[in-house]
Amino acid sequence: MTAITPQPPTKAQLLELVAALGTAQWQDFAAAAARHGLTSVQAKLLAQLKGPVPMRGLATLLVCDASNVTGIVDRLESRGLVRREPDPRDRRVKNVVATDEGLETIRRVRAEMQATHSALDALDEEERTALYGLLERLRPGMERRA
């Protein structure tokens, strides 16, 4: 009996799998955000705030018009999750900063992503390390903007 060597996955198969995983993770993120009264876009904006970010920079990160960011920030600010600050180098520029409450809220959203956490729990430490390394190698090419 001849052993059948499995064929390596095609790029199309890999892309489909990456898309399916991304979609599932996004749905899990959106569901956790909704439990905290946030839309998925509000939570995504909050997750981008690891420090002060200019309004225009948020529009680029969220791939949307700057006028949309204003409304999102207004709603988050009214809940005390972010605040606007003038940029120290150019006072015409407004930076958005997460408040302590905002940072805690996005931490809880991420912690409550049960489907994502359960899926990752299926991997042992060595597999998680290997997956992390592979994803880090893909990241630069995936984050390049056209």
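Throughout, numbering of the chain's residues begins at 1 and tracks the sequence.
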Residue [X] excluded, over 12 heavy atoms near [atom1] under 6.0 Å:
{"X": "E136", "atom1": "CD", "answer": "yes"}
{"X": "R35", "atom1": "CZ", "answer": "yes"}
{"X": "D90", "atom1": "CG", "answer": "yes"}

When rounded to the nearest 0.5 angstrom, what distance separates CG in N95 from CZ in R89?
7.5 Å
From R92 atom CZ to D87 atom CG, the distance as rounded to the nearest 0.5 Å:
10.5 Å
Check residues 11-24 and write down every donor-acceptor pair under 3.5 Å in which the side-chain atom is one partner and the other belongs to a residue at least two apart or another chain.
from: Q13; atom 1: OE1; to: T10; atom 2: N; distance (Å): 2.8
from: Q13; atom 1: OE1; to: T10; atom 2: OG1; distance (Å): 3.4
from: T23; atom 1: OG1; to: A19; atom 2: O; distance (Å): 2.9

Exactly one of I72, L49, N68, V82 should register a side chain to side chain contact (heavy atoms under 4.5 Å, CB included) with L58. Which one does?
L49
Of all heavy-atom pairs between [X] and [Y], which one has the smallest distance, and what is that distance?
{"X": "I106", "Y": "A43", "result": "CD1-O, 3.4 Å"}
{"X": "H36", "Y": "R108", "result": "CE1-NE, 3.4 Å"}
{"X": "L103", "Y": "A98", "result": "CD2-CB, 3.7 Å"}
{"X": "A59", "Y": "D65", "result": "CB-C, 4.1 Å"}
{"X": "E127", "Y": "A122", "result": "OE1-O, 4.1 Å"}
{"X": "L120", "Y": "R128", "result": "O-CD, 4.0 Å"}

Do [X] and [Y] make a side-chain contact, defined as non-hydrogen atoms from C-beta onward lying under 4.5 Å apart?
{"X": "M55", "Y": "V73", "value": "yes"}
{"X": "M142", "Y": "R139", "value": "no"}
{"X": "P54", "Y": "K94", "value": "no"}
{"X": "L38", "Y": "L81", "value": "yes"}

Run the numbers on R137 and L134 for side chain to side chain contact (heavy atoms under 4.5 Å, CB included), then give the verdict.
CA-CA 5 Å; R137 281 181 53 199; L134 291 170; 4.2 Å; yes
Could D74 and R84 be called an ion pair, given the rule that one side-chain N must be under 4.0 Å from one carboxylate O?
yes
Decide whether V93 and V69 are clustered together by the hydrophobic rule: side chain heavy atoms of Ile, Leu, Val, Met, Phe, Trp, Tyr closer than 4.5 Å, transitively.
no
Which atom pairs, one a donor and one an acceptor, fall under 3.5 Å between side chains of residues 26-33 and the rest of the protein, sequence neighbours left out?
from: D28; atom 1: OD2; to: A115; atom 2: N; distance (Å): 3.2
from: D28; atom 1: OD2; to: T116; atom 2: N; distance (Å): 2.7
from: D28; atom 1: OD2; to: T116; atom 2: OG1; distance (Å): 2.7

Main-chain N/O of R75 paired to R79 side chain as donor or acceptor, under 3.5 Å:
no
